[in-house]
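As the structure is a prediction and not an experimental result, all values here were calculated from the model. So that the names make sense, note that chain A is the first sequence line, chain B the second, and so on, each numbered from 1. Quick note: numbers below take in every heavy atom, side chains included, and nothing from hydrogens, waters or symmetry partners.
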Amino acid sequence: MSGPLVEQGFDLMLYGMGTVVVFLSLLVVATWAMSTVINRWFPDKPVEQALKPSTSIPPQVPEKTLRIIKDAIAQHRQR
Amino acid sequence: MSGPLVEQGFDLMLYGMGTVVVFLSLLVVATWAMSTVINRWFPDKPVEQALKPSTSIPPQVPEKTLRIIKDAIAQHRQR
Amino acid sequence: MSGPLVEQGFDLMLYGMGTVVVFLSLLVVATWAMSTVINRWFPDKPVEQALKPSTSIPPQVPEKTLRIIKDAIAQHRQR
Amino acid sequence: MEQLVALWTSSGIAQLSVGQFSMMLVGLGLLYLAIRKGFEPLLLVPIAVGTLLVNIPGAGLDAAPIYDAAGHMTSPGGMMYYIYEIGIASGMFPLIIFMGVGAMTDFGPLLANPKTLLLGAAAQFGIFATVLGAVSFSALGIFDFSIQDASSIGIIGGADGPTAIFVTSKLSPEILGAVAVAAYSYMALVPIIQPPIMRALTSPEERAIKMEQLRPVSKTEKIVFPLLLLLLVALFLPSAAPLIGMFIFGNLMRESGVVERLSFTAQNSLINIVTIFLGLGVGSKMSADKFLNWETLGILGLGAVAFCIGTASGVILAKIMNKYSSTPINPLIGSAGVSAVPMAARVSNKIGMEANPHNHLLMHAMGPNVAGVIGSAIAAGVMITMVGNL
Amino acid sequence: MEQLVALWTSSGIAQLSVGQFSMMLVGLGLLYLAIRKGFEPLLLVPIAVGTLLVNIPGAGLDAAPIYDAAGHMTSPGGMMYYIYEIGIASGMFPLIIFMGVGAMTDFGPLLANPKTLLLGAAAQFGIFATVLGAVSFSALGIFDFSIQDASSIGIIGGADGPTAIFVTSKLSPEILGAVAVAAYSYMALVPIIQPPIMRALTSPEERAIKMEQLRPVSKTEKIVFPLLLLLLVALFLPSAAPLIGMFIFGNLMRESGVVERLSFTAQNSLINIVTIFLGLGVGSKMSADKFLNWETLGILGLGAVAFCIGTASGVILAKIMNKYSSTPINPLIGSAGVSAVPMAARVSNKIGMEANPHNHLLMHAMGPNVAGVIGSAIAAGVMITMVGNL
Amino acid sequence: MEQLVALWTSSGIAQLSVGQFSMMLVGLGLLYLAIRKGFEPLLLVPIAVGTLLVNIPGAGLDAAPIYDAAGHMTSPGGMMYYIYEIGIASGMFPLIIFMGVGAMTDFGPLLANPKTLLLGAAAQFGIFATVLGAVSFSALGIFDFSIQDASSIGIIGGADGPTAIFVTSKLSPEILGAVAVAAYSYMALVPIIQPPIMRALTSPEERAIKMEQLRPVSKTEKIVFPLLLLLLVALFLPSAAPLIGMFIFGNLMRESGVVERLSFTAQNSLINIVTIFLGLGVGSKMSADKFLNWETLGILGLGAVAFCIGTASGVILAKIMNKYSSTPINPLIGSAGVSAVPMAARVSNKIGMEANPHNHLLMHAMGPNVAGVIGSAIAAGVMITMVGNL
Ligand code: NA
Ligand code: NA
Ligand code: NA
């Protein structure tokens, strides 16, 4: 049970798994470094930021949605 | 007023209408059989089932919708 | 500083700007004429019309939306 | 000065033919019908705008791309060319719309009373009678319709826009514009075309017949039925599989209850996007040379006849069924078999309430109504098989 | 070992050129502007990501498919290649976005005061003056712009993203990246670029001029106006028909009131989907060899000049019109004629309120603002006619 | 009579092979799993319908277009052919879905505890071990898998549908049906496959380990992280750039907070539309000749093995890390490294609560869970580089 095909499989496992581990290890280090740099020099207020997206919906959608909702509620009441 | 074209038209009417009638008749029989089998051996509770879809909306949509709605209502009140 | 390229640029400016001005002037006249004709012979009630679109949403969307809203509100209350 | 001449010769006035001008009037007329008269605006507004755009001389919106001898593209062609070739010639747009229609369809009333399927069959007689009429006109030398043209004209009587567009794009694309306009216009005219025929063929007593309330239908039945339909199509009429397949796919997304996201999108964004482009693509076949001819009058006239015969056939079969059925059948629901969902069912309901104000036929008419959709798709399959390869 | 070498030579570090590295910095810079500075993020975020992706060495995201001698595909090519070829080279993506913009546009203020259309005409002077500037630089040997390049650069001054992309993809696709980035960046910079010019050209008294309230506009006018516009385009400038045609199609869906479904989709799902892919597709033209050269600096500089001249022309014509008009015209609304809807109108309003806190110019400025969209599309049509076939 | 024969020979019964009939049963079985058992219905319902449609004899839904000698199209081909060629062979559909997944992904838990990325790496061992297993079977003559087939089978263990489809469509499109069905089925089976392995490899004390609460993560970190990831991919593994690039594009739309419209569309209409067509396209590879063979059994078996090995590897590495880490790590979160977001993380949480009802592991398991998505995409990139050109 060997031959070129199995050898290719072995190579793929070796280099593939190697790449995955090396790459993600690098990413661990890079992420840790990034977080350190950001939290030291470019901190932001996570609470305030976390709330922000819910109000930054583009006005168009709510405008329309608002209208649909009002209609829907009106229809609902009529029933 | 005959000739190959009219003949083709006749054929199309004959076989076409025939196929439609035979097919839908078959479907009547098959549907009746299906309903009989299902209602005898695999009954489900139609009322409960009918209500179910309205709660099985994937959570993602309502999550987002909920937020949009809350915003919309908030905006609406501010006016 | 002349030559065929600059000449082409000049031509483009002349004919281009000319076309834009002539076309939009024509449009001014045509728009004025259109408004005059419509407001004299085919007037409609702008207020009533302006309100109409908000109720002419196809029933499908509100139906569905209504359901989503009801779910969303229900979910919201449970929290 | 040269440039001025170039601008002028490229201008519309210098190039506009009488035909193109007339087609613009046709486009404006369609817009009037759609906006002021409410004629199926979802399709007719895009078709009308497509008609206006394609008849602008020199705009090249339906120009094909041009390649040089080496196969390199020298001109990319116009937007409407791509819409037509990618979306309509391939059949994809009508099929996607049919999927959305499937996702909007409730087979419940049909399942509660499956024999109404036969009414959906009877109403297809309008299709085939019109085919025969069209070829007879050809034989008489009045029009010049091939058997493919005749089939495309007949399918107008199916009262199903996507089916009509699908069949016509396969059999006789050059008359697609006229067929689609006729199909959607007559669907909009159902409340005007059908009532006189319905009243003529029924007595006031028949119109007042009350039908038994429909039994509740279980969720399992609603899930299994589309599969059963697909199975029968697979076994007996594979050429109907694209239309019926996409239709049941949409319906299965609806009824399975586990893919609400997909069903919602199929009924909303996706069908809306495709409708916009389908309309524009159909409009690209509304050029003067394709629409402004004697044959178009024939198409419009024969299409109306197809509607009328289909309506009558449905009502007559319903009368016959009422005689032999154990439970009463109001003949008015027969006319709903032409499809034109849900307009035709509402017409049945309205005429029924005229005869008896407590007679609610709407749900009973929904059975033949959706059966008509299936019936037309089957008829389309037969036609594509029988005349598509001639 | 061989494999390790293969992995390494296929890795980015081994292949990354200085140019690609610089373009990645450009991409990150665009992201910074879009996310932190709010520069037209809807387009600049996708363009920036496209820039990052297309400059990854060896990723092949913009690779064309490869065919062998027998015409069989041996490599399918990359995603961004298809996005560009199908959506941008054909002109479809900018046209679909223009349709969505049309569905978001209210012509009411323009209809109430149609002479503001002239302000939209005047502001296009920036476009053509810049064309002349660009070819002059070429004649002086500073840059190497063809007349097509010069036209694409001028159209930046139109302050309309989709129009700029449409024109550039037809006339000089190789500078599409730089032109699109300049167009969207300067549109975002309108609140910084325009005020000094507006203040320099007007007196405080002029800025304080109050305008008469706009008359109400009827629904019929709003429906007929787009058709009138299309008719004039069809008659006089068919080459503007794709842009204007799709714009009025969107507007007609909005104003007709009978196809709300389609209008809603055109303004939401459809325009969003196309925006994502348009941005990626434009990004695919942001490769180092196309962007990192001396000409790009010229494009950015001349684009800014086009904006400034357009702003000034609008203000100056508004001053002249104010002199001869029976009703007062605040010159500040002239600058809104460059389009950049609705930012430029808001700037007019803001500067007006500085001079007189009770002076609300917003609705008055919306007239020239949407007129500027029409004006740029007309200018685009002239350019495509005059230099597209040279 | 001729026509009757034509109709009959074109009918399904006359043509239906045993293989096609069996594949219809497979399609119905998939529908049963999707609808009644809740197996990833979003993908399996469209795949199942695609399976039914493609096996209808004579329907021609996956027929390629036919051209005559002059290059003119004589038959436009079927819808599913176009879906596959345009959307899947080009890689676009899986990439667009991956973009949507990115827009739904919160990297917060991963950023709070970046060393959980290693668990996402460990779980990829299942992929590569399975590749070795597959080629060993080939070497033993039991199955006939090429190295490309083996890679596609291994990627099932990545527990990521779009990644599996992307890799398989590039490396061995003929087994795409089986691979996709296996990938989605096993993802649905995660709550059944993983717990026994997790319990076997851990002691009750280990399962009861409480982890420290995650620190809050700032918005800037969430915006910079995807860019960092893309940068590393660009430098070290460009062949992973399409997958990772679209993933971070989606995530950036989400986290930037300035393109909510686009993010919303990417997570809803767009991903839903593409899911419908991706499923149909995958179904088009479920024809009898491609699915009904001995190799399919091998694919299904090896795919399950890949899942098991991946689960075990994740748990084992988590045990090792727990030993050497300053803060406690519950080994149960290791199994979430296979991805199958968010199912695998929920399984970790559930098994953890069995051991200690106050032990909430969900957020801790989300770190390895999304790390597993990245890990599989990296593995996909390696495979495409190493065996894609052989
Ligand atoms: Na019908
Ligand atoms: Na403009
Ligand atoms: Na994974």
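Proximity to chain D involves both the backbone and the side chain of T220(E), based on heavy atoms less than 4.5 angstrom apart. With a 4.5 Å cut-off on non-hydrogen atoms, I384(E) does not touch chain D at all. Heavy atoms of P65(D) lying under 4.5 Å from chain E are absent altogether. When heavy atoms are compared at a cutoff of 4.5 Å, L42(D) approaches chain E by way of both its backbone and its side chain. No part of L270(D) comes within reach of chain E, as not one of its non-hydrogen atoms sits under 4.5 angstrom from that chain. Looking at A48(D), there are no atoms closer than 4.5 Å to chain E (heavy atoms on both sides), in backbone or side chain. Contacts between I244(E) and chain D at a heavy-atom distance below 4.5 Å are absent for every atom of the residue. Residue I86(D) does not touch chain E at all, counting heavy-atom pairs closer than 4.5 Å. Contact of Y81(D) with chain E is not made at all, since no heavy-atom distance falls under 4.5 Å.
The side-chain heavy atoms of T275(D) and R261(E), taken from C-beta on, include no pair separated by under 4.5 Å. Taking the side chain as every heavy atom from C-beta outward, L52(D) and L230(E) approach each other to under 4.5 Å. Using a 4.5 Å heavy-atom threshold, the side chains of M246(E) and L280(D) count as touching. Looking at V49(D) and M253(E), their side chains never come closer than 4.5 Å, going by heavy atoms from C-beta outward. Looking at heavy atoms from C-beta onward, F249(E) lies out of side-chain contact with L53(D) at the 4.5 angstrom threshold. Looking at heavy atoms from C-beta onward, V258(E) lies out of side-chain contact with K37(D) at the 4.5 angstrom threshold.
Taken from CD1 in I223(E) to OH in Y32(D), the straight-line distance is 11.5 Å, to the nearest 0.5 Å. In this structure, CD1 on I35(D) lies 4.5 Å from CG on L252(E), to the nearest 0.5 angstrom. Between I96(E) atom CD1 and I83(D) atom CD1 the span is 7.0 Å, to the nearest 0.5 Å. Atoms CG and CE, from L95(E) and M80(D) in turn, are 11.5 Å apart once rounded to the nearest 0.5 Å. Between the CD1 atom of I273(D) and the CD1 atom of I271(E) there is a distance of 11.5 Å, given to the nearest 0.5 Å. How far CG of N268(D) is from OG of S269(E): 8.5 Å, rounded to the nearest 0.5 Å.
With a 6.0 Å radius and a threshold of 12 heavy atoms from other residues, nucleotides or ligands, F125(E) has its CZ atom at or below the threshold.
In terms of heavy-atom pairs under 4.5 angstrom with chain D, the leader among G381(E), P242(E), G245(E) is P242(E). Ranked by heavy-atom pairs under 4.5 Å with chain D, the first of L262(E), I248(E), V259(E) is L262(E).
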